[in-house]
Number of protein chains: 2
Amino acid sequence: MLHEEVVGRIRAILLEGEIPPGARIPERELCDRLQISRTPLREALKVLAAEGLVQLLPHRGSRAAKLTDKDMRDLFEVCQGLEALAGELACERITDAEIDEIAAAHAEMVQHYREGDLIQYYRGNRAIHEAIVTAAGNPVLTGLYASVTARIRRARYVTPMTPQRWARAVQEHEAILNALQRRDGVGLSHILRAHLRHKREEVLQAGFAETEGSEPTLRIA
Amino acid sequence: MLHEEVVGRIRAILLEGEIPPGARIPERELCDRLQISRTPLREALKVLAAEGLVQLLPHRGSRAAKLTDKDMRDLFEVCQGLEALAGELACERITDAEIDEIAAAHAEMVQHYREGDLIQYYRGNRAIHEAIVTAAGNPVLTGLYASVTARIRRARYVTPMTPQRWARAVQEHEAILNALQRRDGVGLSHILRAHLRHKREEVLQAGFAETEGSEPTLRIA
DNA sequence: ATCCCAAATTTTGCATTCAAAAATGTAAAA
DNA sequence: TTTTACATTTTTGAATGCAAAATTTGGGAT
């Protein structure tokens with residue numbers, strides 16, 4: 001199946017930031033690179049446009065979606081809502097085994113925190129949030145969440161992670177795990193919202209890399 | 001722009017139920033009907049597949065997405081979450097003018113209820129929910145909501161609307177309007193969730209039209 | 001009569017081709 | 001020197017063509 005493959009690869013290229021936000025996407029160049037003709041490429045671009053990663057301009061080609069501050073705020077809001085929903089549902093459905101897995105991932109993440117390994121910390125952090133969404137057992141939710149987080153990650157923003165913020169984030173994660181273990185859906189929902197609200201505030205305060213030139217010091221993956 | 005046009009028309013055909021869930025979508029036939037070649041048609045089908053209205057089977061063509069009971073439950077859950085989020089956000093941002101508009105739409109809907117005009121009642125009901133989502137002022141949310149509700153509407157389910165259920169729905173709508181006017185985001189969020197949960201229970205209890213033969217007595221729009 | 005397998009037909013997936021629109025470059029006039 | 005009009009080039013959007021895969025059809029064996 002060429003089509004899916006192509007969508008995935010272009011998505012990766014966009015998430016990787018190889019084509020910066022707002023930049024034109026040269027069809028021919030991508031065709032040469034992916035060794036395909038324009039037909040499947042254009043199909044893939046249409047799909048990615050539907051996902052919000054690409055914007056199509058009539059007779060003027062496609063560009064990598066450019067996210068404004070407002071777009072980021074909107075995405076974070078929705079992400080928050082989806083995570084809160086996921087938390088509630090997860091508490092109703094999560095198995096003990098799944099909780100154990102998340103607890104293990106949490107412990108690992110805390111270890112990275114102690115070691116000061118921000119990259120690995122972020123990786124673990126993301127894994128935990130995705131595990132919670134998965135535990136909600138709702139593929140529709142999983143799909144929308146993936147789409148929204150992809151778009152957020154697309155904006156290679158930089159957060160100046162201060163010790164205070166990091167410590168608070170870890171504390172919040174302790175609370176998240178705790179609520180999960182108690183299967184306190186409402187509580188988890190509130191914690192998750194606050195957690196993401198804090199992150200959003202940090203991001204929007206710091207601004208994020210919108211321009212092509214500015215190289216991010218750290219990409220949150 | 002041919003592409004957008006085509007996506008819209010096929011989406012309409014699917015929502016209209018002309019191609020029943022699970023049925024094959026004959027490319028050639030649609031091409032003849034829409035007077036286009038296969039290229040833009042296939043691009044449109046890919047987009048609709050990304051939206052979840054169409055499912056593509058490798059080398060076996062595309063089918064109108066078939067929704068299982070589980071799918072419906074998942075969609076309702078997410079819809080609930082999105083509406084609850086929209087309610088909270090709307091309360092923070094809605095203008096007096098927008099509230100007045102919704103109040104007017106509400107009064108109109110109640111009038112249809114009194115007249116026993118279920119079709120018009122549903123139309124007004126949908127308009128109100130969409131207005132609340134719009135009032136949230138979050139295009140990302142609006143887009144996801146549109147996608148989810150389209151998929152729900154796609155399943156032409158039938159709800160035996162009893163007088164009791166109808167009365168409760170109207171009561172809940174009174175409460176929704178009330179919370180909006182008081183700009184009570186948390187309250188509105190809870191009411192909206194309960195509102196949709198009730199609807200979901202009705203729908204899932206009744207089952208929905210999955211087979212081609214069964215003609216729905218009433219399509220919830 | 002039923003089942004199974006192979007040939008023919010249809011349909012799908014992708015490449016190529018063609019026409020139209022936009023971008024670019026050039027030259028002439030103000 | 002700047003601006004505008006025009007021609008050329010590039011790129012996009014859609015149609016067509018072609019090979020591979022799947023479905024259908026027909027014939028033979030059980």
Side-chain angles (χ1 to χ4, degrees), chain A residues 1-14 17-67 143 154 211-213, chain B residues 1-14 17-67 143 154 211-213:
Chain A
M1 233 174 316
L2 190 47
H3 167 73
E4 300 250 354
E5 169 91 16
V6 173
V7 171
R9 290 198 56 182
I10 300 178
R11 199 193 340 252
I13 289 175
L14 290 173
E18 196 173 323
I19 297 177
R24 293 190 62 239
I25 298 173
E27 288 190 4
R28 181 152 297 275
E29 203 173 297
L30 266 184
C31 286
D32 294 348
R33 175 165 162 189
L34 301 182
Q35 294 292 331
I36 56 173
S37 82
R38 283 180 55 225
T39 307
L41 178 82
R42 289 172 53 77
E43 286 178 351
L45 289 177
K46 297 271 193 302
V47 170
L48 292 169
E51 282 181 29
L53 282 172
V54 167
Q55 66 183 135
L56 304 172
L57 299 101
H59 293 285
R60 271 198 237 160
S62 47
R63 309 180 85 85
K66 188 167 182 174
L67 296 177
R154 172 79 184 80
T211 53
E212 296 184 22
Chain B
M1 215 181 325
L2 192 47
H3 166 72
E4 301 251 353
E5 168 91 16
V6 173
V7 172
R9 291 197 56 182
I10 300 178
R11 192 181 358 238
I13 289 175
L14 291 173
E18 197 173 324
I19 297 176
R24 291 192 59 224
I25 298 175
E27 284 189 8
R28 187 62 59 104
E29 202 175 298
L30 266 184
C31 286
D32 293 347
R33 176 166 160 187
L34 302 182
Q35 293 291 332
I36 56 173
S37 80
R38 284 179 54 223
T39 307
L41 178 81
R42 288 171 54 76
E43 287 178 352
L45 288 176
K46 297 272 193 298
V47 170
L48 291 169
E51 285 181 27
L53 281 171
V54 166
Q55 64 183 140
L56 304 172
L57 300 101
H59 292 286
R60 272 200 237 160
S62 47
R63 310 180 84 86
K66 189 168 181 173
L67 297 177
R154 171 80 185 81
T211 53
E212 295 183 22

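A, B, ... follow the sequence lines: proteins, then strands. Residue 1 opens every chain.
At a cut-off of 3.5 angstrom, counting only N and O atoms as typed in the model, there is a donor on one side and an acceptor on the other between the side-chain of A:Thr39 and the base of C:dA15. Checked by distance alone, B:Arg60 brings no side-chain donor or acceptor within 3.5 Å of a matching partner on the base of C:dG13.
Taking atom CG of residue A:Leu56 and atom P of nucleotide D:dT12, one finds them 11 Å apart after rounding to whole Å. With rounding to whole Å, B:Glu43 atom CD is found 16 Å from C:dT12 atom P. We find that CD of B:Glu4 is positioned 10 Å from P of D:dA14, with the value rounded to whole Å. The CG-P distance, from B:Leu41 to D:dG13, rounds to 17 Å in whole Å. Here C:dA22 presents its C1' atom at 13 Å from CZ of A:Arg63, a figure rounded to the nearest Å. As rounded to whole Å, 16 Å separates atom C1' of D:dA14 from atom CG of A:Leu45.
With D:dA14, D:dA21, C:dC14 as the choices, the nucleotide that has an atom nearest any side-chain atom of B:His3 turns out to be D:dA14. With C:dT17, C:dA15, C:dG13 as the candidates, the nucleotide lying closest to the side chain of A:Ile36 is C:dA15.
Across all their heavy atoms, B:Ile25 and B:Arg63 have their closest contact at CD1-C, 3.9 Å. Here the closest heavy-atom approach between residue B:Lys66 and residue B:Pro21 is recorded as CA-CB, 4.2 Å. Minimum heavy-atom separation, A:Ile19 to A:Ala64: CG2-CB, 3.9 Å.
Two residues are said to be in side-chain contact when any heavy atoms from C-beta on lie closer than 4.5 Å; B:Ile10 and B:Leu34 meet this criterion. Side chains of B:Ile36 and B:Glu5 form no contact here, defined as non-hydrogen atoms less than 4.5 Å apart.
The 5' end of DNA chain C is approached more closely, in terms of each residue's nearest nucleotide, by B:Arg42 than by the other of A:His59 and B:Arg42.
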May I have the list of side-chain donor-acceptor pairs in residues 44-58 of chain B shorter than 3.5 Å, sequence neighbours left out?
unit_1: B:Glu51; atom_1: OE1; unit_2: B:Arg11; atom_2: NH1; d: 2.6
unit_1: B:Glu51; atom_1: OE2; unit_2: B:Arg11; atom_2: NH1; d: 2.7

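Within residues 24-32 of chain A, the residues having any heavy atom closer than 4.0 Å to DNA chain D are, in order of number, A:Arg24, A:Glu27.
Distances shorter than 4.0 Å separate none of the side-chain N or O atoms of A:Arg38 from OP1 or OP2 on C:dA15.
For the pair A:Arg38 (side chain) and A:Glu27 (backbone), a donor-acceptor distance under 3.5 Å is absent.
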